[in-house]
Amino acid sequence: MLTTKFITENATEVIARLAKKHFDASLIVSEVISLDTLRKTTQTKLDEVLAEMNAISKAIGDLYKQGKKQEADEAKEKTVVLKEKSKELSDILDSAEQKLHTLLLQIPNLPHASVPEGKGADDNTIERSGGTIPSLPANALPHWELAKKYDLIDFELGVKISGAGFPVYKGKGAQLQRALINFFLSNASQAGYLEIQPPYVVNAASGYGTGQLPDKDGQMYHATIDDLYLIPTAEVPVTNIYRDVILQEKELPIKNTAYSACFRREAGSYGKDVRGLNRLHQFDKVEIVQIQHPDKSYETLDEMVNYVQTLVEKLELPWRILRLCGGDMSFTSALTFDFEVFSAAQNRWLEVSSVSNFESFQANRLKCRYKGDDKKTSLCHTLNGSALALPRIVAALLENNQTEEGIVIPKALVPFTGFTLIS
RNA sequence: GGAGAGAUGGCAGAGUGGUCGAAUGCGGCGGUCUUGAAAACCGUUGGCCUGCGAGGGCCCGGGGGUUCGAAUCCCUCUCUCUCCGCCA
C-alpha cells in the first residue's frame, strides 16, 4: 500500500508510473487527494472541539473541588453543543478514513524505472542466462513418466488421499525432496540467512500484512472453523514476524530463510500446463526474506538474484533470468526477476523462483519501520524470493539428467542425497 | 472439552472516575568519575495525526456504552495464562 502522503505529494508521477502496470490511476488519485483534504480539515476542527471539551471538563473538576456546584452545572450545559459537534465531526472523519483506506488498498505498487513496458509474459526481457540445454534422445520421457518408471512420485495415490495436485513422493523421490530442502537451507545459512521454522497456518491479520488478503482471498485454503489460512508461501509468516515492529537502523538488513510446505488453491487453472509437477496444490519451497534500509534495497535485490543464480548453477540446470514487464508484475512488487529452468523433455521453461523488491509497499501494510540515529521512524523496504521452489526443479532434474542407466544426481546434491543415481 | 485468572510503555509492575501518557524498578541512550571497564551518581528514554512553529488532538488488547470527564464503571469480541481432562 502506498502512503497517502506520497500520493498527494506526487500525484502526476504516481499516475504516470502506474500506466506501466496498465492501471489508470487518475480518478482514484484525485479521490484520494480530496478525501485526504477532507480528513485533515475535519481532524483539525475536531481537535479544536475536543480541546475545548477538555478545558471545560478540567474546569468542572476544579469547580467541584471548590464546592461551586452551581457554576459547574452551568459549565456542563455548554458541553451539550460541543458534544454533538464532536460526534458529527468524528463520523465524517471515520467515514473519510475508511474510504481512503479502501482506495489505498486498490492502488498497486509503483514499478521501478527499469521495469520494461509490456502487457504479458511475452514482453518480459531476458536479463541473462546460463547452463547448457541437454540434447535428449527422441525417446526421452517427461518427468511424470520418469516418476512412474522409477517409482518416485505417485500422483494417483495423492488423488485418492486428497485430490489432484497433492502428489505422494516415495523412496528416492521422497529422499530427493528432503535432500533438496537441506541443500537449499544449508546454502542459505552459509549466505548469512537466519533459518526460521514458521507456522504453516496464519491468522487473517498476517494475510493482510503481506497482501494475500483481501486481494487474493480465493487463493488460500481457509480453515473457517478457526478462521486460519494455510500459507501459500513461507513469506507470509516470516515477513509477519516484523508486523508492527520498529527496528533499530543498525539491525538492518534482516535476513531470514525458511522451508515450508506451501498450499495454493490455484482456483481456475487447469489444462496441460498443470501436468505432473508443473502446478500443485501443495509443494515445498525454501524462501529467503530480507528487510532492508530504503537506500540499500536495490543492492540487496541484486545480491538475492545473484544468490539464487548460484543455486541453479550448482544444480547444473540451464537457467535464465527474466526482468518482468509492467503487465506481468504482481500488484505488490516494484521490481521482479523470475528464474526459469529449462525442462528438456517438456521442451519448456519453468518458473522456479521469483525475486522481488516491494520497497515500502508491504512495509506500510505491515507497519514495519526502523528508527535511525535521528530518532525518526521510517518504513523499511522488504524483499523476498524463492530459493528455491522444489517441484519444477525436480521436474527439470529428472528430465534433463535421464540416461540409459538412470537419472544422474548433480554433484553438488550428492552429499545431501547420499546416492548418485536413481535407477 | 471443563473451571478460574488476566490483558497497562522495550520488559517487569503500580494505578483512588478528575493536572494519568500514566508511579516505581530493570533495560536502553547521554554524561560525571576512571588509564580503561565495572560500580556509583546525574540526566534522558513510546507511537500516531495535524501544524512552518508554538501548540493541539488521539492511543492503557479491539469495538461499543455511561459521564461534563474513563486506564479506572457497564456491555461485547479477541487473545493469553493457570488447574483438570485428553494427547504428539
Side-chain angles (χ1 to χ4, degrees), chain A residues 1-9 32-104 197 199-209 213-214 222-229 237 240-252 254 261 291 360 363-380:
Chain A
M1 173 164 95
L2 298 176
T3 63
T4 314
K5 190 172 155 67
F6 186 85
I7 294 170
T8 53
E9 286 173 5
V32 166
I33 293 171
S34 66
L35 277 170
D36 188 47
T37 310
L38 176 64
R39 183 186 66 84
K40 279 189 196 175
T41 55
T42 311
Q43 176 86 67
T44 308
K45 284 185 207 163
L46 179 62
D47 286 355
E48 283 167 11
V49 173
L50 291 176
E52 204 176 337
M53 292 265 288
N54 287 342
I56 293 174
S57 295
K58 211 173 189 178
I60 290 174
D62 292 339
L63 289 172
Y64 271 122
K65 271 180 199 161
Q66 294 164 28
K68 298 176 181 170
K69 189 167 182 307
Q70 194 177 344
E71 285 177 49
D73 287 342
E74 279 168 25
K76 275 190 196 179
E77 283 170 32
K78 281 198 283 183
T79 64
V80 178
V81 183
L82 291 172
K83 239 187 162 178
E84 270 173 35
K85 208 187 265 179
S86 82
K87 178 94 173 65
E88 211 172 281
L89 289 168
S90 67
D91 283 349
I92 296 172
L93 188 64
D94 287 348
S95 109
E97 279 178 344
Q98 206 184 322
K99 280 181 195 160
L100 192 57
H101 188 71
T102 309
L103 290 180
L104 290 175
Q197 269 206 26
Y200 288 2
V201 292
V202 294
N203 55 29
S206 294
Y208 280 97
L213 295 173
H222 186 194
T224 51
I225 192 166
D226 293 309
D227 196 23
L228 293 170
Y229 296 84
N240 270 284
I241 293 172
Y242 303 95
R243 170 154 49 85
D244 294 320
V245 167
I246 299 177
L247 295 156
Q248 292 300 315
E249 187 172 347
K250 57 176 181 262
E251 292 179 81
L252 301 174
I254 302 279
I291 296 175
S360 61
N364 188 31
R365 273 205 196 181
L366 288 164
K367 294 284 171 280
C368 172
R369 294 164 293 175
Y370 70 93
K371 189 187 277 191
D373 290 338
D374 54 0
K375 297 208 166 183
K376 270 189 164 179
T377 57
S378 321
L379 293 169
C380 298

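A note on names: the letters A, B, ... follow the listed sequences, proteins ahead of strands, and every chain is numbered from 1.
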**Study point:** P-based separation of B:G6 from B:G15 [nearest Å]
**Key:** 12 Å
Review point. Just wondering, are more than 12 heavy atoms of other shown residues or ligands nearer than 6.0 Å to CD in A:E9?
Key: yes
Review point. Any ion pair linking A:D91 and A:K87 (charged N to carboxylate O, less than 4.0 Å)?
Key: yes
Revision key, fill the gap. Note: contacts of residues 32-44 of chain A with RNA chain B (heavy atom, under 4.0 Å) are A:R39, A:K40, A:Q43, A:T44
**Study point:** Comparing A:D94 and A:M53 on RNA chain B - which has the more 5′ nearest nucleotide
**Key:** A:D94
Check your understanding: Contact class for A:L50 (heavy atom, under 4.0 Å): base, sugar-phosphate, or nothing?
Key -> sugar-phosphate
Review point. With rounding to whole Å, what would you report as the distance between B:U24 and B:G13 at their C1' atoms?
Key: 8 Å
Exercise for review: Pick base, sugar-phosphate or nothing for A:I246, based on heavy-atom distances below 4.0 Å to the nucleic acid.
Suggested key: sugar-phosphate
Check your understanding: Who does B:C58 pair with, Watson-Crick or G-U, both distances under 3.5 Å?
Key -> B:G47
Exercise for review: Using chain A heavy atoms and a threshold of under 4.0 Å, write down where along RNA chain B the contacts begin and end, 5' to 3'.
Suggested key: B:G18 to B:G69
Practice item. Would you mind reporting whether A:E48 and A:T44 have side-chain heavy atoms less than 4.5 Å apart? Key: yes
Practice item. Would you indicate what A:K5 reaches in the nucleic acid, counting non-hydrogen atoms under 4.0 angstrom: base, sugar-phosphate, or nothing? Key: nothing
Review point. For B:G1, which nucleotide is its Watson-Crick or G-U wobble mate, given both distances must be under 3.5 Å?
Key: B:C84
Check your understanding: Within the structure shown, what part of the strands sits under 4.0 Å from A:A75 by heavy-atom distance: base, sugar-phosphate, or nothing?
Key -> nothing
Review point. Does B:U24 have a Watson-Crick or wobble partner in any strand here, with both distances under 3.5 angstrom, and which is it?
Key: B:A12
**Study point:** Gap in Å between the two P atoms, one belonging to B:U8 and one to B:A23, rounded
**Key:** 16 Å
Point to revise | Side-chain touch A:Y229/A:D227, heavy atoms, less than 4.5 angstrom | key: yes
Point to revise | Any A:L104 side-chain heavy atom under 4.5 Å of A:I7 side chain | key: yes
Point to revise | Heavy atoms of other groups near A:Q197 CD, more than 12 under 6.0 Å | key: no
Check your understanding: Watson-Crick or G-U wobble partner for B:A37, using a 3.5 Å limit on both distances?
Key -> none
Practice item. Searching all strands shown, indicate the nucleotide that pairs with B:C79 (Watson-Crick or G-U wobble; both distances under 3.5 Å). Key: B:G6
Review point. Between A:M1 and A:H101, does a side-chain contact (heavy atoms from CB on, under 4.5 Å) hold up when you go through it step by step?
Key: CA-CA 9 Å; A:M1 173 164 95; A:H101 188 71; 3.8 Å; yes
Point to revise | Between B:A22 and B:G9 - P atom distance, rounded Å | key: 15 Å
Review point. Just checking A:D62: base, sugar-phosphate only, or nothing, at a heavy-atom cut-off of under 4.0 Å?
Key: nothing
Check your understanding: A:Y370 and side chain to side chain contact (heavy atoms under 4.5 Å, CB included): which partner among A:Q248, A:K250, A:E249?
Key -> A:E249
**Study point:** Close side-chain approach of A:L366 and A:Y242, heavy atoms under 4.5 Å
**Key:** no
Exercise for review: If B:G30 has a Watson-Crick or G-U wobble mate with both distances under 3.5 Å, name it; if not, just say none.
Suggested key: B:C42
Exercise for review: Please measure how far the C1' atom in B:C58 lies from the corresponding atom in B:G21, and state the result in whole Å.
Suggested key: 11 Å
Study note, to complete from the structure: In Watson-Crick or G-U wobble terms, with both distances under 3.5 Å, the base opposite B:C73 is B:G65
Practice item. For A:D226 and for A:K76, find the nucleotide of RNA chain B with the closest heavy atom, then tell me which residue's nucleotide is more 5'. Key: A:K76
Practice item. Answer whether the closest heavy-atom distance between the side chains of A:L247 and A:K371 falls below 4.5 Å. Key: no
Check your understanding: For A:N54 and A:S57, what are the C-alpha separation, side-chain angles and deciding distance, and is it a side chain to side chain donor-acceptor pair (under 3.5 Å)?
Key -> CA-CA 5 Å; A:N54 287 342; A:S57 295; 5.5 Å; no
Point to revise | C1' gap between B:G10 and B:C75, integer Å | key: 33 Å
Exercise for review: Please measure how far the P atom in B:A54 lies from the corresponding atom in B:G63, and state the result in whole Å.
Suggested key: 29 Å
Review point. Expressed as a whole number of Å, how far does the P atom of B:G69 sit from that of B:C79?
Key: 32 Å
